[in-house]
Amino acid sequence: MSLVLVHDSANSKVKALECTSTGLLKVDHVDVSALATDATLTSLNGKVVACDTGSISGVVAVSAVSGDVAITAAALPLPSGAATSANQATGNTSLASLAGCVSANKVAVQSSAPVLTVTDAYLWGSVSGSESVLNELDSFSDSVDVSTYDKISVYGSSSNLSDEFEFQVSHDNTNWFEITSVFVQVDYASGHFGFICDAPFKYARLKKKGTGMAATSDNLWALLSGKK
């Protein structure tokens, strides 16, 4: 058997090391400062229990997770600015109303702005020339449906430089009313006349006032134009 001596620096003595019957070195003191204590183990156990998804409650922060994370919840908070069910229901109601207007031709929907075109209609005469109109009694031009126009222009010419006209409008093409604010004057040099006005009515026409002169007539030519 070998005897191993060690120096005890604390007491300046030499001591012999002692072994057990199995050859293990006997010690009565070790440095355990770095070992886990009961307190740290208790704290660790609390964290493990908190991560048990079978009994979790409250808020769990999850980040840097690889793969999918399964979540089951009766309700989740919406992010700031998200639409609620009530807002979506209101939006759907508005869209349904708009769809109804479109299908009923109340709202025109196009990918680009429509191009307005000028449409002409003859009140007296035609593309071929003027029309002969008797002078004895009042005479009326053809009527034109102007319900699709916002603004119209009426213009033409007469062979009688003293002709007088009225501008009349109607809602049913039967009952007619004079627009007294529209003055139709024939130019004494050329016989031309014309005016522009808004068109918040359905039908329009011209009235030529009779002169009482029998067996005479004037050559009239008149147009009504508008954009639609």
Side-chain angles (χ1 to χ4, degrees), residues 89-228:
T90 301
N92 288 339
T93 300
S94 299
L95 289 174
S97 299
L98 179 59
C101 291
V102 172
S103 63
N105 295 323
K106 295 180 180 179
V107 177
V109 179
Q110 295 181 340
S111 59
S112 59
V115 177
L116 298 180
T117 58
V118 176
T119 301
D120 301 316
Y122 286 93
L123 298 174
W124 275 303
S126 66
V127 68
S128 301
S130 60
E131 177 180 345
S132 179
V133 180
L134 294 176
N135 283 324
E136 183 177 4
L137 302 175
D138 293 342
S139 299
F140 301 93
S141 72
D142 293 334
S143 62
V144 179
D145 185 344
V146 295
S147 57
T148 57
Y149 304 126
D150 291 328
K151 188 180 291 289
I152 61 172
S153 61
V154 177
Y155 51 96
S157 65
S158 172
S159 61
N160 185 352
L161 303 184
S162 61
D163 264 344
E164 295 183 12
F165 299 94
E166 290 181 3
F167 179 59
Q168 297 185 335
V169 299
S170 173
H171 63 288
D172 58 3
N173 206 23
T174 299
N175 298 290
W176 292 91
F177 306 89
E178 178 187 0
I179 302 298
T180 57
S181 60
V182 177
F183 178 67
V184 186
Q185 180 180 9
V186 176
D187 182 81
Y188 292 126
S190 64
H192 294 170
F193 60 88
F195 61 89
I196 297 174
C197 69
D198 295 329
F201 37 79
K202 189 167 185 181
Y203 297 97
R205 73 180 182 181
L206 285 177
K207 171 187 174 181
K208 177 184 178 303
K209 294 183 178 181
T211 62
M213 299 175 61
T216 63
S217 63
D218 299 334
N219 293 322
L220 290 179
W221 181 83
L223 280 163
L224 184 150
S225 299
K227 283 187 175 182
K228 64 177 180 178

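Note that the structure is predicted; figures quoted are calculated from it, not measured.
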Please list all pairs meeting side-chain hydrogen bond (donor to acceptor under 3.5 Å, both in side chains) that have one or both residues in residues 183-193, counting only residues at least two apart or in different chains.
Asp187-Ser190
Taken to the nearest 0.5 Å, the spacing of Phe183 CZ from Glu166 CD works out to 11.5 Å
Contacts under 3.5 angstrom, residues 201-208 side chains, donor-acceptor by atom type, not counting sequence neighbours:
from   : atom 1 : to     : atom 2 : distance (Å)
Arg205 : NE     : Gln168 : OE1    : 2.8
Arg205 : NH2    : Gln168 : OE1    : 3.0
Lys207 : NZ     : Asp138 : OD2    : 3.4
Lys208 : NZ     : Asn135 : OD1    : 2.6
Lys208 : NZ     : Asp163 : OD1    : 3.4
Lys208 : NZ     : Asp218 : OD2    : 3.3

Hits for ring-ring contact (aromatic ring centres under 6.0 Å, His included) against Phe195, two or more places apart or cross-chain, chain-then-number order -> Phe167
Non-hydrogen atoms of Gly129 and Trp221 that approach each other most closely:
O-CD1, 3.6 Å
Residues at least two apart in sequence or cross-chain that pass side-chain hydrogen bond (donor to acceptor under 3.5 Å, both in side chains) with Ser162, listed by chain then number, are Asn160
Which distance, rounded to the nearest 0.5 Å, do you find between the CD1 of Ile152 and the OG1 of Thr119?
12.5 Å
Distance (rounded to the nearest 0.5 Å) between Ser132 OG and Leu220 CG
8.5 Å
Is the number of heavy atoms from other residues, nucleotides or ligands under 6.0 Å of Asp150 CG greater than 12?
no
The criterion is side-chain hydrogen bond (donor to acceptor under 3.5 Å, both in side chains); which residues satisfy it with Asn219, sequence neighbours excluded?
none
Is the shortest side-chain heavy-atom distance between Leu134 and Ser217 below 4.5 Å?
yes
d(Thr93 OG1, Leu98 CG) to nearest 0.5 Å is 12.5 Å
Listed partners of Ser94 passing side-chain contact (heavy atoms from CB on, under 4.5 Å), at least two apart:
none
I need the minimum non-hydrogen distance between Ser141 and Leu123, along with the two atoms involved.
CB-O, 3.4 Å
For residues Phe177 and Asn175, report the shortest heavy-atom separation together with the two atoms involved.
CE1-O, 3.7 Å
Run the ring-ring contact (aromatic ring centres under 6.0 Å, His included) test against Phe193 and tell me which residues pass, sequence neighbours left out.
Phe165
Among residues at least two apart in sequence or on other chains, which ones pass side-chain hydrogen bond (donor to acceptor under 3.5 Å, both in side chains) with Ser170?
Asp172
Please identify each residue that fulfils side-chain contact (heavy atoms from CB on, under 4.5 Å) with Glu136, with sequence neighbours left out.
Ala214
Going by salt bridge (Lys or Arg N to Asp or Glu O under 4.0 Å), name the residues that satisfy it together with Asp198, two or more places apart in sequence or in a different chain.
Lys151
Hits for salt bridge (Lys or Arg N to Asp or Glu O under 4.0 Å) against Glu178, two or more places apart or cross-chain, chain-then-number order -> none
Residues in side-chain hydrogen bond (donor to acceptor under 3.5 Å, both in side chains) with Ser225, at least two apart?
Asp120, Tyr155
